[in-house]
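No experiment lies behind these values; they were computed from the predicted model shown.
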Amino acid sequence: MPVYQYHDTANGGVVELERRVDERDKVPAHLKRFSVPQKLTLVGVGDPSPEPGSDHVKNIMKGYYKHEQRLGSRFKSSYSADQVRRAWGGK
């Protein structure tokens, strides 16, 4: 859920509330939502991948496997082995 920032007209402070999008304006009358927040807060974001790019490499391998299964021995990548190695970060 997003965290919204509101200007408290009663005391001049800034209040942050975690609200659903459809309920972001259902707040007491003395709170006015900032149209542009001063900062960005994300709540409930998943854990990052332990190895950067690992999902990318898995997707490439799945794509190659899918083409190999569909085309059999006729499968030929348009990229050389060196080009693929460089794209994956190898030497």
Side-chain angles (χ1 to χ4, degrees):
M1 263 194 284
V3 175
Y4 293 97
Q5 290 182 326
Y6 299 88
H7 174 70
D8 188 345
T9 56
N11 65 13
V14 175
V15 177
E16 293 182 348
L17 298 174
E18 183 179 334
R19 311 288 289 177
R20 291 192 339 223
V21 174
D22 60 339
E23 293 182 352
R24 66 184 174 199
D25 292 322
K26 294 180 182 177
V27 294
H30 64 91
L31 295 178
K32 303 296 178 198
R33 182 170 53 90
F34 286 104
S35 59
V36 179
Q38 297 171 348
K39 65 180 181 177
L40 177 65
T41 304
L42 300 176
V43 178
V45 178
D47 293 332
S49 176
E51 182 182 329
S54 64
D55 291 337
H56 177 66
V57 171
K58 288 177 188 175
N59 287 337
I60 291 173
M61 294 301 289
K62 285 180 188 176
Y64 274 128
Y65 181 77
K66 182 179 171 183
H67 285 296
E68 288 172 351
Q69 294 303 308
R70 190 180 65 198
L71 298 175
S73 63
R74 298 175 310 197
F75 173 73
K76 172 98 172 94
S77 174
S78 59
Y79 300 101
S80 71
D82 288 336
Q83 289 174 317
V84 172
R85 200 174 302 116
R86 281 196 310 268
W88 288 0
K91 295 181 181 184

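Counting only heavy atoms from C-beta outward, the side chains of Asp25 and Arg33 approach each other to under 4.5 Å. Two residues are said to be in side-chain contact when any heavy atoms from C-beta on lie closer than 4.5 Å; Leu17 and Leu31 meet this criterion.
The minimum heavy-atom distance between Asp8 and His30, with the atom names listed, is OD1-ND1, 2.9 Å.
Note: Tyr4 OH to Arg24 CZ = 5.0 Å, rounded to the nearest 0.5 Å.
Under the 4.5 Å side-chain heavy-atom criterion for grouping Ile, Leu, Val, Met, Phe, Trp and Tyr, Val21 is not connected to Phe34 through any hydrophobic cluster.
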